[in-house]
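Written out below as structure tokens is the structure these notes cover.
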Amino acid sequence: MTSLFDDLPLPGFESPSLGSSPAHDEPPLDEEPPYEEAIPDGLFETDLAAQDERDAYYRNGHARPVIDPEQLLAGMNDPQREAVLHHGSPLLIVAGAGSGKTRVLTHRIAYLLAARGAQPGEILAITFTNKAAGEMRERVEQLVGPRARAMWVSTFHSACVRILRRESKLLGFTSSFSIYDSADSQRLMSLVCRDLDLDPKQFPPKSFTAKVSNLKNELIDEETYADRAANPMEKKLAEAYTLYQRRLREANALDFDDIIMTTVNLLQAFPDVAEHYRRRFRHILVDEYQDTNHAQYTLVRELSGGALSDAPKLTADGDFVNPTAARLAQISPAELCVVGDADQSIYAFRGATIRNILQFEEDYPDATTILLEQNYRSTQTILTAANAVIERNTNRRKKNLWTAGDQGERVVGYVADDEHGEAQFIADEIDRLTDEDEARPGDVAIFYRTNAQSRVFEEVFIRVGLPYKVVGGVRFYERKEVRDILAYLRVLSNPEDTVPLRRILNVPKRGIGERAEAMVDALAARERISFAQALQRVDEAYGMAARSANAVKKFNAMMAGLRQVVESGAGPAAVLEAVLEESGYLAELQASTDPQDETRIENLQELASVALEYEQDPGERPEGEDAEGAPPVGSLADFLERVALVADSDQIPDDEEGQGVITMMTLHTAKGLEFPVVFLTGMEDGIFPHMRALNQVKELEEERRLAYVGLTRARQRLYLTRSVLRSAWGQPAYNPASRFLEEIPDTLVDWKRTGAAAVPPARGFSPSSSGGSRSYGSSGGSARSTTTTPQPGWAKSARKVTEREVVALAVGDRVSHDSFGLGTVVATQGVGDKAQATIDFGTTGRKQLLLRYAPVEKL
DNA sequence: CCCAATTCTCTTTTT
DNA sequence: GAGAATTGGG
């Protein structure tokens, strides 16, 4: 079957048209499809139905398959060719940015099928996002035809879900288990902490959630952790972890991290299951290997076998521990091919470990490494800039990207007075590029470090009328109203699932307050029944007001009615409609006068149309054993599973016909993509690199890799912008230039504007409003406006600061303090009489000072 | 006992 | 500036 989400159109996007392979990585492959006569027998079934299917397939615009192995190698450089041909030992492809790794991967798969007799069912290809999986499948399909559909090309998470659904009985849950996303996990952990009477100040549920996630990524289960917990904090965490897991189990649910960890446990605990998958998957390919965490690493190892540490387990007598283990040891390892680039590892914060790639050779002693350094994407100028930045990282395998192409234009730099000026410059520049036919909106991408930075761009772009799309941020599926309605569907699909049940209990308001809920909870605990069952027995709840009990009964009746709708065989769209009506949710929104509720209704309509499109085209039925345990195609459960694992990057607009839209996203989301024109914004110390990374070498290096990823996304034009003044969570702050800017050789950058006009306001901020933020040096772009020049936020407060002059400080300034002595400014915050500075006084330590009162002097 | 207004706290990045 | 926790009003 296709990867889980291939056919699910995402809100706000045209359905991707099949066959329009986004231009990526490489010069286009052979335009001319091979001859049909050349297709050997067996590539397609020969009966008539299959013939019809094949004809329809080609009429739909698919290229004819390439079956000539020689053609698969045409136009490749030597290392690429070697990577496609290699066989016999584990293969590590170190693929620099833009070096054609997707092409190598897809052609390798095609080659396995065409020339090495591999069956599609023997292939497992793993990527990190559904979009990447979909693209890979599509491109392989273009090469080898529809037989590619029997391959598993999917994300770690969907592949594991598939395995788990099939084997769920072994693990004691049903195949219809729910998947908790991070918001669900968060909520569940909050409930757990409350049950354990933990002081949220001392033991914040949020950090517990993060810690549990880390433990799972390290494959440490709750029992193991409980045994080793030493200090009070760890003991509490162990308690919470244990209860959290129990609650998940009771709800027949798994969280994101469980999906991987449980699959690993399954393979390790049941050798016959491991044997099954090892016999099945003879070729395992992993993309973005540098982003695998320990759990994912182990998963690959268990699936493929053959790692050094994977020696068969023997008893003291030298016998295999059991017959299955003996058989397992005899299965030759799968051919493992991993592709990655340590320089692009940007997910260490969630447990990815570079170790996996750096030590691949140690784990697999007979491994071969192939290095791809030739870049087919960017100009040499861009590559030189990127190389210069990444070279600052230590402990890194040397790698030098180069291109046979042009030098290209210089990188453009711009320093704005504030973030509005930055956005305005970018808008003007895009205007110019499109007017002069240098680029279409769809060619342009804007990257930033944090999602919050997108807002200003949106404001300006709306005003000047530039078409854009923000990828990520408050995601569609994380909007409150969408989650509320999905929670109804989840309860209908899995009645014991407590987290969504409690979410909807009083949404919309129906008179079941906190107290009533707590009483139901108490009843559940007393009777040792689930929350759902306790709801059905409200009458037994102690101390429940009659009014509340009635409200609960009304709720029960409403849910029973909805359940009937489900049992009558209605599809997800129809059920969703019934929920909107019967719950009163839609009515409440319609009655509201809050203009925000109108967008909420639109979002729900969007959700309804997603459901409808799913219902009309629910995708293909998995074949044979792949279907085992999976929810029936078209069912509510299947629909929910598809929406549960959607990622930001799955929503990136495909390069459609026409002008396209400007794409805005975080640097993390940008990985794996490329655009002719790229704006890297917010190049300021404290923004990028992020404040929290400034003081730690390791984190700073990860930020630098992130910068490297950003720089190497650009094909032809690269812009680097920063702003002198920027409002961050309420208060304005001055940030110095990003250190990454200084790491790029001067000669490569053409500064269109430097910070000259933007010296931080002089001492005391004498508020001549033209001082700090003048109108932008816009050069007659059609769409510009001075009205949005922010009335300097500090002007008002600055007026009060007349009695005493506030020292204007910037990061790096040396100061002297009357009692603390000499120090260095490490951060500044706020402006006017609220201006603060964090100052490092060496042995005295670090102090945060309100400058209005602090006796400091700038040196 | 429930709800609405008010006051706080956050924000890196994500499957 | 938004979302959650908290407090006072009904």
Side-chain angles (χ1 to χ4, degrees), chain A residues 4-5 126-133 154-161 179-183 185-187 190 194 200-201 204-207 210 213 216-217 254-261 288 291-293 295-296 345-352 447-456 471-475 477-480 506 508-519 543-549 551 596 644-651 665-671 682 686-694 699 702-703 705-707 709-710 727-731 793:
Chain A
L4 286 173
F5 313 103
I126 301 177
T127 63
F128 271 80
T129 68
N130 297 301
K131 185 177 167 69
S154 64
T155 62
F156 272 106
H157 290 265
S158 9
C160 287
V161 166
I179 298 166
Y180 276 20
D181 67 13
S182 24
S185 307
Q186 195 67 67
R187 207 181 166 89
S190 296
R194 205 181 305 163
K201 293 251 153 61
K206 231 177 176 171
S207 84
S213 171
K216 289 181 177 178
N217 287 338
L254 294 171
D255 69 19
F256 273 151
D257 306 305
D258 280 335
I259 289 174
I260 311 289
M261 179 170 81
E288 308 284 14
D291 287 333
T292 51
N293 59 36
Q296 291 162 333
S345 160
I346 54 176
Y347 286 110
F349 72 92
R350 70 163 195 231
F447 302 152
Y448 33 78
R449 180 63 178 80
T450 64
N451 279 308
Q453 289 167 251
S454 72
R455 186 181 220 94
V456 197
V471 181
V474 186
R475 282 170 264 174
Y477 289 106
E478 280 179 13
R479 304 233 159 92
K480 180 179 176 301
N506 200 30
K509 298 258 180 295
R510 47 171 74 92
I512 308 174
E514 202 183 329
R515 204 181 155 81
E517 186 187 333
M519 285 166 179
M544 175 82 80
R547 195 165 53 151
S548 305
Q596 276 206 321
L645 297 174
V646 193
D648 280 353
S649 43
D650 297 331
Q651 314 179 18
M665 66 184 97
T666 64
L667 285 154
H668 282 88
T669 312
K671 198 179 60 164
I687 301 292
F688 184 39
H690 192 269
M691 207 162 35
R692 283 170 61 160
L694 285 180
E699 301 215 6
E702 176 143 321
E703 298 281 312
R705 292 193 293 272
L706 194 53
V709 167
S727 294
W729 66 98
Q731 298 269 301

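Chain A is the first sequence line, chain B the second, and so forth, proteins listed ahead of strands; every chain is numbered from 1. The figures here come from the full heavy-atom set of this structure, side chains too, leaving out hydrogens, waters and symmetry mates.
- Taking CD of A/E288 as the reference point, atom CD1 of A/I126 lies at 13.0 Å (rounded to 0.5 Å).
- Taking atom CD of residue A/Q186 and atom P of nucleotide B/dT9, one finds them 18 Å apart after rounding to whole Å.
- Residue A/K206 has its side chain nearest to B/dC10 when only B/dC1, B/dT13, B/dC10 are considered.
- Note: NZ (A/K509) to P (B/dA5) measures 12 Å, nearest angstrom.
- Among the protein residues, A/M544 comes within range of no part of the nucleic acid, since none of its heavy atoms lies under 4.0 Å from any strand.
- Looking at heavy-atom distances under 4.0 Å, A/R692 makes contact with a base.
- The distance from atom OH of A/Y347 to atom NE2 of A/H668, rounded to the nearest 0.5 Å, is 5.5 Å.
- Within 4.0 Å of A/Y347, counting heavy atoms only, lie sugar-phosphate atoms of the nucleic acid but no base atom.
- B/dT15 atom C1' lies 8 Å from atom CD1 of A/I260, rounded to whole Å.
- Proximity of A/N506 to the phosphate of B/dC3: a side-chain N or O atom is located under 4.0 Å from OP1 or OP2.
- Between the NE2 atom of A/H690 and the C1' atom of B/dT11 there is a distance of 7 Å, given to the nearest Å.
- An aromatic stacking contact links A/F349 with the base of B/dT13, defined here by ring centres under 5.5 Å apart and ring planes under 30° from parallel.
- Here the P atom of nucleotide C/dG3 and the NZ atom of A/K480 are 10 Å apart, to the nearest Å.
- Counting any heavy atom pair closer than 4.0 Å across all strands shown, A/E288 reaches no nucleic acid atom.
- Computed from coordinates, the A/R187 CZ to C/dA5 C1' distance equals 13 Å when rounded to whole Å.
- Per the geometry, CE belonging to A/M665 stands 14 Å off C1' belonging to B/dT13, to the nearest Å.
- Comparing B/dC1, B/dT14, B/dC3 by their closest approach to the side chain of A/S548 singles out B/dC1.
- For A/D181 and B/dT15, the CG to P distance is 11 Å, given to the nearest whole Å.
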